[in-house]
Amino acid sequence: MNDVNSFWDFLWLIIITFAFVAYLMLLFSIIGDLFRDHKLSGWWKAVWVFFLIFVPFLTALIYLIARGDSMTKRSIAQAQQYKEQQDAYIKTVAGGKSPADQIADAKALLDSGAITEAEFTALKSKALS
């Protein structure tokens with residue numbers, strides 16, 4: 001009988017832990033979105049944070065209902081901005097070519113006999129680094 005109770009206690013602990021971690025992820029996501037939104041004034045941000053602290057579950061639910069769509073749009077815009085910055089960095093480092101293009105060029109040189117296998121390996125490792 002005691003083993004059954006300990007099993008259910010353990011299962012309940014896992015469920016509660018999962019719910020708590022999911023809530024923390026949601027809370028940090030909402031706070032991150034609040035400070036990413038440049039259209040919302042500082043006072044409104046303070047109001048949202050105040051209510052997130054003192055009435056957390058209800059405020060999180062209201063935030064997701066009221067601002068969930070714009071939250072998604074801001075997240076997508078930020079991801080696109082990061083991708084553009086990454087692409088620009090890759091072009092400056094690789095001289096305008098992606099690593100796959102550099103390797104393809106080196107393979108063409110190897111196939112034509114212009115470079116040796118050792119030189120191809122060196123170019124490939126340089127492109128991948």
Side-chain angles (χ1 to χ4, degrees):
M1 182 72 180
N2 193 17
D3 291 337
V4 173
N5 286 340
S6 64
F7 171 75
W8 291 112
D9 289 342
F10 179 70
L11 185 63
W12 185 247
L13 177 68
I14 289 175
I15 291 170
I16 294 298
T17 303
F18 174 78
F20 181 70
V21 169
Y23 171 70
L24 285 178
M25 290 175 62
L26 175 66
L27 185 68
F28 289 129
S29 177
I30 289 172
I31 290 172
D33 183 64
L34 274 172
F35 291 103
R36 188 178 4 201
D37 187 4
H38 299 293
K39 295 178 184 175
L40 195 62
S41 73
W43 287 104
W44 278 112
K45 290 177 185 181
V47 168
W48 277 112
V49 170
F50 175 81
F51 281 107
L52 278 171
I53 291 170
F54 291 107
V55 191
F57 296 112
L58 182 62
T59 306
L61 183 63
I62 292 171
Y63 188 88
L64 290 176
I65 292 169
R67 299 179 50 88
D69 188 42
S70 60
M71 186 177 178
T72 303
K73 290 176 184 174
R74 279 187 294 279
S75 179
I76 290 171
Q78 185 180 25
Q80 287 174 343
Q81 181 184 9
Y82 286 154
K83 183 173 181 346
E84 290 169 3
Q85 289 174 351
Q86 181 183 19
D87 290 345
Y89 176 77
I90 288 172
K91 285 184 179 180
T92 59
V93 170
K97 291 187 178 183
S98 71
D101 291 338
Q102 291 179 15
I103 293 171
D105 291 345
K107 180 68 174 158
L109 290 173
L110 176 66
D111 292 341
S112 70
I115 61 173
T116 64
E117 184 69 38
E119 292 171 323
F120 170 73
T121 305
L123 288 172
K124 183 177 171 183
S125 65
K126 182 181 176 188
L128 293 174
S129 64

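When all heavy atoms of Lys45 and Leu34 are compared, the pair lying nearest together is CE-O, 3.1 Å. Between Ser29 and Met71, the closest heavy-atom pair is OG-CE, 3.0 Å.
Taking CG from Leu11 and CZ from Phe7, the interatomic distance works out to 5.0 Å, rounded to the nearest 0.5 Å. One distance of note links OH of Tyr23 with CD1 of Ile30; it measures 7.5 Å at 0.5 Å rounding.
Both Phe54 and Ile31 are assigned to one and the same hydrophobic cluster, defined by single-linkage of ILVMFWY side chains at heavy-atom distances under 4.5 Å. The hydrophobic cluster containing Ile53 also contains Phe35, counting ILVMFWY residues as joined when their side-chain heavy atoms lie under 4.5 angstrom apart, directly or transitively. If you chain together hydrophobic residues whose side chains sit under 4.5 Å apart, Leu13 and Phe20 never meet in one group.
At most 12 heavy atoms of other shown residues, nucleotides or ligands fall within 6.0 angstrom of atom NZ in Lys126.
Looking only at distances, a side-chain donor or acceptor of Thr121 sits under 3.5 Å from a matching main-chain atom of Glu117.
Remark: Ile115 engages Leu109, Leu110, Glu119, Phe120, Leu123 in a side-chain contact (heavy atoms from CB on, under 4.5 Å) (not counting sequence neighbours). Under the side-chain contact (heavy atoms from CB on, under 4.5 Å) criterion, Tyr82 pairs with Gln78, Gln85, not counting sequence neighbours.
A 4.5 Å side-chain heavy-atom check between Ser70 and Arg74 finds at least one atom pair inside the cut-off.
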Contacts under 3.5 angstrom, residues 55-66 side chains, donor-acceptor by atom type, not counting sequence neighbours:
from, atom 1, to, atom 2, distance (Å)
Thr59, OG1, Phe51, O, 3.0
Thr59, OG1, Val55, O, 2.6
Tyr63, OH, Asp33, OD2, 2.4
Tyr63, OH, Arg67, NE, 3.4

